[in-house]
Amino acid sequence: MHTTISRREMLRVSAGLLAAGVVSPLRAAAEAESRKCVYLPSLHDRARLAIQCLTNHCDAARGYVPYFYTRMSDRPPTMFLAIWSYGDGMGRSLDALAFLRQMTGGGLDQPADRVMRAALIGLLGEDGLSWCPAEPWLMPTPHTRPSWLQQGTLLAFTTLFQLTGEPKYKHHVERIIQALDERLIRKPGLPATFPGDAYTHLDGWSPASTEPTEPFLLYCASVTMPLLRYYRLTGYEQAFRLASELTDGAVQAFGGGEKFFELGHFHCESRIMISLLQRGILKNKAADLELGEKLYQKARRLGTQSGWFPEQVNNPANNRSNLAETCSLTDMLEAAILLGRHRNPTYWHDVERYVRNHLLVHQIVDVGWAKEMTPTPLDKHPLRFTGDDQPCTEGAVRGDKVMPSLIGGFAGWGGVTAMSDDSTFSNSNQHCCNAAGARAIYDAWHYAVTEEAGKISINLHVHRNHAAVEVVAEESVSPDQLGVLHIKVKQERQLRVRIPEFLSAKDMEVKVNGRPAKVRELGAFLDVGNVGPGDRVETTYPMKARSTEERIAPGVFTFHWRGATVVSASPRQKIRPLFTDDRFLSSPPPIGPAPSREFESL
């Protein structure tokens, strides 16, 4: 039997509930109807897109080796293999892919993943190092390089060992470390270095680069980040010693760190910054932490608060100092996470801005805009392929399949307010960024919620499903601009929520099960106290409107903000504007399952 209740009776009951501290259903419904709410995409959904790129943008016939360079403005677009496709590009792909499979619940036993892992192992030589095969677009004989080829391979095998515990990955990592250690040249008073850039059994070592924008010592030190990750996981001392020698050598060569971020490849230098922070945390070494933090602050001034960071510093060639490399953003995001966890929690504000803005908007989610790009004549294009003059060749693909394979990837040379500024490099893609952006998606997702000794910390105001809590982040854009975190508690914990940038505890309204909660300020966090299964926590706060004017290498840009989210930016660059309303959703997106296990990526 159904009972009908009059509106007057509903109002009377609602008034009684309100007096008792319970939210009125009628009032709640009216408020929800009057508010316009938007949502950013979930990192879970973006991870699934990233997986699509990592498994599609490759040469399946060669074991899913990724196409490293893509000329998007070619008619038709062209993607092709290069030196960096092999140990470096494939290793980066496998590292990110393994984490994203864990994040999305897909499992590691997927056909493409299995083939890619076998192919990466197949690139290992008798000496234990990763080698490039003899191919027309590489060198006439197999060759190896002690820097980036090994970096990507170490990154992948370390992650695979971490996630699976399989001894073969441990064996491969330690063979690479031993081989690198044997080849390192050590002279008293001089930075440790490798004998040359590349090695073949036919010709021996080729000379190291002497270009000031490509300092060889930084290339040598590219392996330090995965080495220190492996040391954290296993305590393998040889990994730590090798990483320390290469890190110290690079710092020594750059005036004790003073010359970093003055000239050349940002990503090479930001990797040293990461390594200093890793070593400082592992060994509680104050000098490393101080220098790492100092370098981060210096590098941060070269970019925007929204997460745009250049590929090159003070390098006028090909406009590359005016374009972003997603690898640079990933390094900055990872450094900010380390600093936020171990140095000062206010660095989480940087992470939040990077994630909500340039990480999401520089992910390729559609491709129709490539037709708007201005083609560069092939004879003037700096990214050339051996078979460019042939109508059909191995190692390259031309045509309609190229751009769709990039969906889920990331800007290789991105503009500030558009995907591309329509310059030659900006109209191209490099696969290291597709993998780096995918890794950053995992970083942001994993560290958004962290747990330690029964305490759950909500570090980022983003959607996240964790074994203990489920978080949905909402933005109310009218009549008031409010941020709302909806937290569903699944396991008993002590709950902390980060206070957003420019706000204090008094600006935050917290309710548990509809009733105002007593909270206390704990540095950069609100301590909500103990919560249990079934509790629902709602945190509401103003999202302050502000504008920033930022002077960077490409010019002066103005960003308009709602809290930590850029809502518009000017001047608008040419191809695929980034900060537009169409990136927001009108309803909460699926946030995916909570993983059975959590894995650190740093």
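- A 4.5 Å side-chain heavy-atom check between L277 and L295 finds every atom pair outside the cut-off.
- Using modelled atom types, one finds a donor on one side chain and an acceptor on the other under 3.5 Å when comparing S244 with R279.
- Checking T326 against H358 by side-chain atom types alone, no donor-acceptor pair falls below 3.5 Å.
- At least one donor-acceptor pair under 3.5 Å links the side chain of K298 to the backbone N or O of E258.
- Proximity of T200 to M139: side-chain heavy atoms (C-beta onward) are separated by under 4.5 Å at one or more points.
- Side chain to side chain, E262 and N314 fail the donor-acceptor criterion of an N or O pair below 3.5 Å.
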TODO: Applying side-chain contact (heavy atoms from CB on, under 4.5 Å), run through E325 and H265 and close with a yes or a no.
DONE: CA-CA 10 Å; E325 181 179 9; H265 192 211; 3.1 Å; yes
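- Heavy atoms of other residues, nucleotides or ligands lying less than 6.0 angstrom from NZ of K283 number more than 12.
- Taking 4.0 Å as the cut-off between side-chain N and carboxylate O, D181 and R186 count as a salt-bridged pair.
- Taking the six-membered ring where the residue is Trp, F261 and F266 present tilted rings, their angle falling between 30° and 60°.
- In summary, the side chains of Q312 and N315 do present a donor paired with an acceptor at a separation below 3.5 Å, with no hydrogens or angles considered.
- With no hydrogens or angles considered, a side-chain donor-acceptor pair links N427 and S420 at under 3.5 Å.
- In terms of the side chain to side chain contact (heavy atoms under 4.5 Å, CB included) criterion, residue partners of T424 (sequence neighbours excluded) are, by chain and number, T376, H381, P382.
- Remark: R341 pairs with E600 by the salt bridge (charged side-chain N to carboxylate O under 4.0 Å, His left out) rule, at least two apart or across chains.
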TODO: Check step by step if side chain to side chain donor-acceptor pair (under 3.5 Å) holds for Y64 and D113.
DONE: CA-CA 9 Å; Y64 288 86; D113 305 42; over 6 Å; no
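- Two residues are said to be in side-chain contact when any heavy atoms from C-beta on lie closer than 4.5 Å; Y199 and L129 fail this criterion.
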Task: Steps toward side-chain contact (heavy atoms from CB on, under 4.5 Å) verdict (I83, W137) - done: CA-CA 8 Å; I83 288 169; W137 49 88; over 6 Å; no
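- Residues T450 and N459 have side chains that bring a donor and an acceptor to within less than 3.5 angstrom of each other.
- Considering only heavy atoms from C-beta on, Q278 comes within 4.5 Å of I274 through its side chain.
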TODO: Could you walk me through whether R175 and E182 pass the salt bridge (charged side-chain N to carboxylate O under 4.0 Å, His left out) test, one step at a time?
DONE: CA-CA 11 Å; R175 285 287 313 280; E182 290 169 2; over 6 Å; no
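- Note on R183 versus D127: salt bridge recorded, some NZ/NE/NH1/NH2 to OD/OE distance being below 4.0 Å.
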TODO: Would you check, one step at a time, whether the test side-chain contact (heavy atoms from CB on, under 4.5 Å) holds for C268 with W148?
DONE: CA-CA 10 Å; C268 281; W148 290 106; 3.6 Å; yes
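- Between the side chains of H463 and S42, no donor-acceptor pair of N or O atoms lies under 3.5 Å.
- A donor-acceptor pair under 3.5 Å links the side-chain atoms of Q363 to the main chain of G408, judged by distance alone.
- A ring-centre distance under 6.0 Å is found for F254 and F260.
- The six-membered or imidazole ring of H201 lies near that of W131, with a centre-to-centre distance under 6.0 Å.
- In this model, a donor atom of one side chain and an acceptor atom of the other lie less than 3.5 Å apart for T159 and R229.
- Looking at S270, its side chain does come within 3.5 Å of a backbone N or O of H267 through a donor-acceptor pair.
- Of the possible polar contacts, none joining the T104 side chain to the R48 backbone as a donor-acceptor pair under 3.5 Å is found.
- Taking a 6.0 Å sphere around CD of E126, one finds it holds 12 or fewer heavy atoms contributed by other residues, nucleotides or ligands.
- Side-chain atoms of N56 and S405 form no donor-acceptor pair, as typed in the model, at a separation below 3.5 Å.
- Each of K170, H171, H172 was evaluated against E174; a single residue qualifies, K170, per the side chain to side chain donor-acceptor pair (under 3.5 Å) test.
- In summary, the side chains of H57 and S93 do not present any donor paired with an acceptor at a separation below 3.5 Å, with no hydrogens or angles considered.
- Between the side chains of D197 and Y219, no donor N or O sits under 3.5 Å from an acceptor N or O.
- A donor atom on one side chain and an acceptor atom on the other are not found under 3.5 Å apart for Q150 and S222.
- N465 is not listed as a side-chain neighbour of V449, based on a closest heavy-atom distance of 4.5 Å or more.
- At least one side-chain heavy atom of F194 sits under 4.5 Å from a side-chain heavy atom of L180.
- Between Y67 and F385, the ring center distance fails the sub-6.0 Å criterion.
- Within the 4.5 Å cutoff, no side-chain heavy atoms of W84 are placed close to those of H431.
- Salt bridge status for E352 with R356: present, with a side-chain N to carboxylate O gap under 4.0 Å.
- Using the six-membered ring where Trp is involved, F80 and Y69 have ring planes that are tilted, between 30° and 60° apart.
- A parallel orientation is assigned to the rings of Y442 and H446, their planes being inclined by less than 30° (bins at 30° and 60°).
- Side chain of R46 to main chain of L360: a donor-acceptor pair is present (N/O by atom type, distance under 3.5 Å, no hydrogens or angles).
- Remark: side-chain polar atoms of N429 are not paired, donor with acceptor, to backbone N or O of T70 under 3.5 angstrom.
- Not one N or O on the side chain of D59 forms a donor-acceptor pair closer than 3.5 Å with the backbone of V65.
- When each of V223, L120, L123, V173 is tested with T153 by the rule side chain to side chain contact (heavy atoms under 4.5 Å, CB included), just one qualifies, namely L120.
- Between the S206 side chain and the A198 main chain, a donor and an acceptor come within less than 3.5 Å of each other.
- Side-chain contact between S457 and E451: absent, with no pair of heavy atoms (C-beta onward) separated by less than 4.5 Å.
- Environment of CZ in R597: sparse, with no more than 12 heavy atoms of neighbouring residues, nucleotides or ligands closer than 6.0 Å.
- In the model, E311 has a side-chain atom that pairs as donor or acceptor with a side-chain atom of W413 under 3.5 Å.
- Within a 6.0 Å radius of CD in E452, no more than 12 heavy atoms belonging to other residues, nucleotides or ligands are found.
- Relative orientation of the F240 and Y231 rings is tilted, given thresholds of 30° and 60° on the angle between their planes.
- No side-chain donor-acceptor contact under 3.5 Å links R71 to the backbone of T78.
- Judged by distance alone, with hydrogens and angles left aside, the side-chain atoms of S85 form no donor-acceptor pair with the main-chain N or O of G89 at under 3.5 Å.
- Note: H143 and W205 fail the aromatic proximity criterion, with ring centroids not under 6.0 Å apart.
- With salt bridges taken as basic N to acidic carboxylate O contacts below 4.0 Å, one links R62 and E394.
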